Amino acid sequence: MYEEFVRNRITQLRLKKGVSEYQMSYDLGHSRGYIYNISSGKALPPLKEFFAICDYFEITPQQFFDEGMQNPELIQKAIEGMRQLDEGDLIVLLGIINRMLK
């Protein structure tokens with residue numbers, strides 16, 4: 001079950017990023033079939049490579065496994081930006097978010 005989730009999640013994130021299996025394999029420093037082998041169920045990435053895949057998508061491992069998170073890379077970038085805001089700006093931003101959710 002988890003193996004299928006990992007394969008499907010990598011495919012989902014790869015398609016969102018708009019890169020081919022070949023391009024992603026190349027970007028990660030592997031042979032052209034590396035991501036294909038993961039996506040097709042022939043292999044799973046070792047832990048070190050899993051972390052490299054998360055870095056590639058600019059997400060944390062926790063965000064990778066959060067099934068409900070549709071745009072983890074955008075959320076991660078938003079979090080990084082919010083960390084730079086002061087308390088007043090965060091309160092304003094929270095107000096905007098709450099208004100948008102209504």
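A quick note: this is a predicted structure, and the numbers were derived from the prediction, not measured. No hydrogens, no waters, no symmetry mates; every other heavy atom, side chains included, goes into these values.
Residues I96 and I79 fall into different hydrophobic clusters, defined by Ile, Leu, Val, Met, Phe, Trp and Tyr side chains chained together at heavy-atom separations under 4.5 Å. One hydrophobic cluster, built from ILVMFWY side chains closer than 4.5 Å, holds both L13 and F50. L93 and L74 fall into different hydrophobic clusters, where Ile, Leu, Val, Met, Phe, Trp and Tyr residues are linked whenever their side-chain heavy atoms come under 4.5 Å apart, directly or through other members. Under a hydrophobic clustering in which Ile, Leu, Val, Met, Phe, Trp and Tyr are joined whenever their side-chain heavy atoms come within less than 4.5 Å, directly or via other members, Y56 and L15 fall into different clusters.
Between Q23 and D27, the side chains place a donor N or O and an acceptor N or O closer than 3.5 Å (distance only, hydrogens not considered).
One finds the CG atom of L94 at 9.5 Å from the CE atom of M82 (value rounded to the nearest 0.5 Å). Separation of atoms CG (L28) and CD1 (I38) is listed at 8.0 Å; rounding is to 0.5 Å. The NZ atom of K16 sits 4.0 Å away from atom CG of N71, with the distance rounded to the nearest 0.5 Å. Interatomic distance, CG of L90 versus CG of D86, reported as 7.0 Å (0.5 Å rounding). To the nearest 0.5 Å, atom CG of residue D55 and atom OG1 of residue T60 are 10.0 Å apart. Separation of atoms CD1 (I59) and CD (Q76) is listed at 8.5 Å; rounding is to 0.5 Å.
Considering only heavy atoms from C-beta on, I53 comes within 4.5 Å of M24 through its side chain. For the pair P45 and Y34, the minimum side-chain heavy-atom distance is below 4.5 Å. Proximity of F64 to P72: side-chain heavy atoms (C-beta onward) are nowhere separated by under 4.5 Å. Within the 4.5 Å cutoff, the side chain of N8 has no heavy atoms near those of the E3 side chain.
Counting only distance, with no hydrogens or angles, the side chain of R7 and the backbone of S40 share no donor-acceptor pair below 3.5 Å. Checking side-chain atoms of S25 against main-chain N and O of I35 turns up a donor-acceptor pair under 3.5 Å.
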Y26 vs R32, side-chain contact (heavy atoms from CB on, under 4.5 Å): CA-CA, chis, key distance, verdict | CA-CA 6 Å; Y26 178 77; R32 70 181 303 146; over 6 Å; no

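For the residue pair F65 and V6, the shortest heavy atom distance occurs at CE2-CG2, 4.0 Å. Of all non-hydrogen atoms in F57 and I10, the two that sit nearest each other are CZ-O, 3.9 Å.
For CD of E80, the number of neighbouring non-hydrogen atoms (other residues, nucleotides, ligands) closer than 6.0 Å is greater than 12.
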